[in-house]
Structures are given as C-alpha cells and as structure tokens.
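Worksheet: one structure, shown below.
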Amino acid sequence: MNKKKEIPVSPLAKTWILDLDGTIVVHNGPYIYGKDRFLPGAREFLENIPAQDMIIFLTARNNYEKNHTLRFLEENNVRYDHIIFNAGHGERILINDNKPDGLVTAMAVNTTRDQFCDINFITDHSLGTMYD
C-alpha cells in the first residue's frame, strides 16, 4: 500500500491553479462519454479547498467547449474564482518570489494523465508565521 505524498503548506490563503483535462476531469471526457466526468478524488479535493483560497482553472479548451465546461462546473457546484480558456498545450510556468522569512511561494505538481494527484497538502503552522 502506497502512502500518500505529503506537502507542507502554510496556513495563509492560497491560490490554486488547476488544469481541467486529465487533472480534474477525464481527458477528452465530453468526446468519450458525451460529458465531463470527475477523476476519482478530484471532486472531494475541490470541495475541501478552504473558502478563503482562490481557485483558478486553466484549460486549453477553446471557445467551442466553453459553454458545456461552464455548465458542468455549475451543475456540480464547483467553486472557482477564474477560468482561463485557450491556454497553450505546452508547459505552464509559474514564477513567484519567496517570502523574506523563507516561505517558498511557488510549487508545482505534475500528475499522470487521468489520475488525480495522490497528495495531502498538510498545513504546517510554523510556515508563514510572520504574516499572521
């Protein structure tokens, strides 16, 4: 039995930048099943993101796919703050500065397509303490 990987995070409000296809929902789900389908564990993960955190979805889906994507998110009561369509198919690069106390403020998790990340983000109250 594999133990879930744990990543320590501060108690500060976060910004979650999440891809949709192959990360949250089955890649090409609307073309395979006629509609989107959550990957196992993805819906629960989204539901457990704290209310003070921001959720941004990025997707390479184009304007043709926009309406059914927004409808799926609404029908499933998925909370998000922003969604960006037409994102490139290549790398998504996040650049951010570390806090003066050493808090690392950018991280990336790459997953296997159509397998939701098997990670626990564990709040470490010793991180980001100078910003309480």
Side-chain angles (χ1 to χ4, degrees):
M1 182 170 129
N2 290 339
K3 183 181 177 193
K4 280 187 169 189
K5 180 178 179 180
E6 294 183 349
I7 296 178
V9 294
S10 78
L12 300 170
K14 291 158 203 49
T15 302
W16 298 87
I17 302 171
L18 306 165
D19 182 43
L20 283 176
D21 286 301
T23 306
I24 299 296
V25 297
V26 174
H27 185 79
N28 286 333
Y31 302 104
I32 297 168
Y33 305 111
K35 63 180 183 175
D36 278 307
R37 289 189 182 179
F38 284 107
L39 293 173
R43 183 180 199 146
E44 296 78 10
F45 177 83
L46 292 170
E47 290 170 349
N48 286 306
I49 293 176
Q52 74 267 18
D53 291 4
M54 178 181 285
I55 299 172
I56 301 171
F57 288 119
L58 288 175
T59 180
R61 292 180 180 197
N62 58 38
N63 289 333
Y64 172 77
E65 300 167 297
K66 186 174 186 174
N67 287 337
H68 76 80
T69 302
L70 296 174
R71 186 171 43 255
F72 171 80
L73 295 171
E74 182 178 340
E75 288 172 354
N76 287 281
N77 298 313
V78 175
R79 177 181 71 84
Y80 64 94
D81 298 278
H82 304 283
I83 185 167
I84 300 169
F85 289 90
N86 296 302
H89 292 277
E91 297 87 351
R92 276 90 193 252
I93 300 167
L94 171 63
I95 300 173
N96 203 7
D97 63 319
N98 290 330
K99 300 285 188 199
D101 68 351
L103 179 66
V104 175
T105 60
M107 56 182 69
V109 176
N110 287 289
T111 65
T112 302
R113 178 173 282 175
D114 287 338
Q115 292 181 17
F116 187 69
C117 67
D118 201 20
I119 296 173
N120 281 332
F121 293 90
I122 306 297
T123 302
D124 181 339
H125 291 278
S126 71
L127 298 174
T129 54
M130 72 181 286
Y131 305 98
D132 288 344

Exercise. With a 4.5 Å limit on heavy-atom distance, are the side chains of Glu74 and Arg71 in contact?
Worked result: no
Exercise. How many angstroms lie between CD1 in Ile84 and CG in Leu20, if you round to the nearest 0.5 Å?
Worked result: 11.0 Å
Exercise. Crowded around Glu44 CD? As in, over 12 foreign heavy atoms under 6.0 Å?
Worked result: yes
Exercise. Does Phe116 share a hydrophobic cluster with Tyr33, counting links as ILVMFWY side-chain heavy atoms below 4.5 Å and allowing steps through other members?
Worked result: yes
Exercise. Counting N and O atoms only, with roles assigned by atom type, does the side chain of Asn62 sit under 3.5 Å from a partner on the main chain of Asn86, one being a donor and the other an acceptor?
Worked result: no
For this session: Output yes when Arg61 and Asp36 qualify as a salt bridge under the 4.0 Å nitrogen-oxygen rule, no when they do not.
Result: yes
For this session: Please answer whether the main-chain N or O of Asp97 pairs with a side-chain N or O of Thr105 as donor and acceptor at a distance below 3.5 Å.
Result: yes
Exercise. Same hydrophobic cluster for Met107 and Ile55, using side-chain heavy-atom links shorter than 4.5 Å among ILVMFWY?
Worked result: yes
For this session: Apply side chain to side chain contact (heavy atoms under 4.5 Å, CB included) to Leu46 and list each qualifying residue two or more places apart in sequence or on a separate chain.
Result: Leu18, Ile24, Phe38, Ile49, Phe57, Val78
Exercise. Roughly how far, to the nearest 0.5 Å, is the OG1 atom of Thr15 from the CD1 atom of Ile17?
Worked result: 6.5 Å
Exercise. Nearest heavy-atom pair of Asp21 and His27: which atoms, and what distance?
Worked result: CB-ND1, 3.5 Å
For this session: Would you give the length of the straight line joining atom CD1 of Ile83 to atom CG of Leu58, rounded to the nearest 0.5 angstrom?
Result: 9.0 Å
Exercise. Do Phe72 and Leu70 touch side chain to side chain, with heavy atoms closer than 4.5 Å?
Worked result: no
Exercise. Under 3.5 Å, is there a donor-acceptor pair between the side chain of Asp124 and the main chain of Pro8?
Worked result: no
Exercise. Do Leu127 and His125 have side chains that get closer than 4.5 Å, going by heavy atoms?
Worked result: no
Exercise. Got Val104 and Lys99 here, is their nearest side-chain heavy-atom distance under 4.5 Å?
Worked result: no
For this session: Could you tell me which non-hydrogen atom of Leu39 sits nearest to which non-hydrogen atom of Thr23, and how far apart they are?
Result: CD1-O, 3.3 Å
Seminar exercise, completed: When rounded to the nearest 0.5 Å, the distance separating NZ of Lys14 from OG1 of Thr123 is 5.5 Å
For this session: Please assess Glu47 against Arg79 for the test side chain to side chain contact (heavy atoms under 4.5 Å, CB included), listing each intermediate value before the final yes or no.
Result: CA-CA 8 Å; Glu47 290 170 349; Arg79 177 181 71 84; over 6 Å; no
Problem set entry | Set of residues satisfying side chain to side chain contact (heavy atoms under 4.5 Å, CB included) with respect to Gln52, sequence neighbours excluded | Ala13, Pro50
Problem set entry | Interatomic spacing from CH2 in Trp16 to CZ in Phe121 - rounded to 0.5 Å | 4.5 Å
For this session: Determine the minimum heavy-atom distance between Gly88 and Ala60, stating which atoms define it.
Result: O-CB, 4.3 Å
Problem set entry | Arg37 vs Val25 side-chain heavy atoms within contact, under 4.5 Å | no
Seminar exercise, completed: Here the pair of heavy atoms bringing Gly22 nearest to Thr111 is O-OG1, 4.4 Å
Problem set entry | Residue pair Tyr31 / Glu65, side-chain heavy-atom distance below 4.5 Å | yes
Problem set entry | Check: Ile7 and Asn120 side chains under 4.5 Å, non-hydrogen atoms | no
Problem set entry | Residues, nucleotides or ligands: over 12 heavy atoms within 6.0 Å of Arg92 CZ | yes
Exercise. Could you give the distance from CG (Leu12) to CG (Leu103), rounded to the nearest 0.5 Å?
Worked result: 6.5 Å
For this session: Mind listing the closest non-hydrogen atom pair of Asp19 and Thr59 along with its distance?
Result: OD1-CA, 4.1 Å
Problem set entry | Within-4.5 Å side-chain heavy-atom neighbours: Glu6 and Ile119 | no
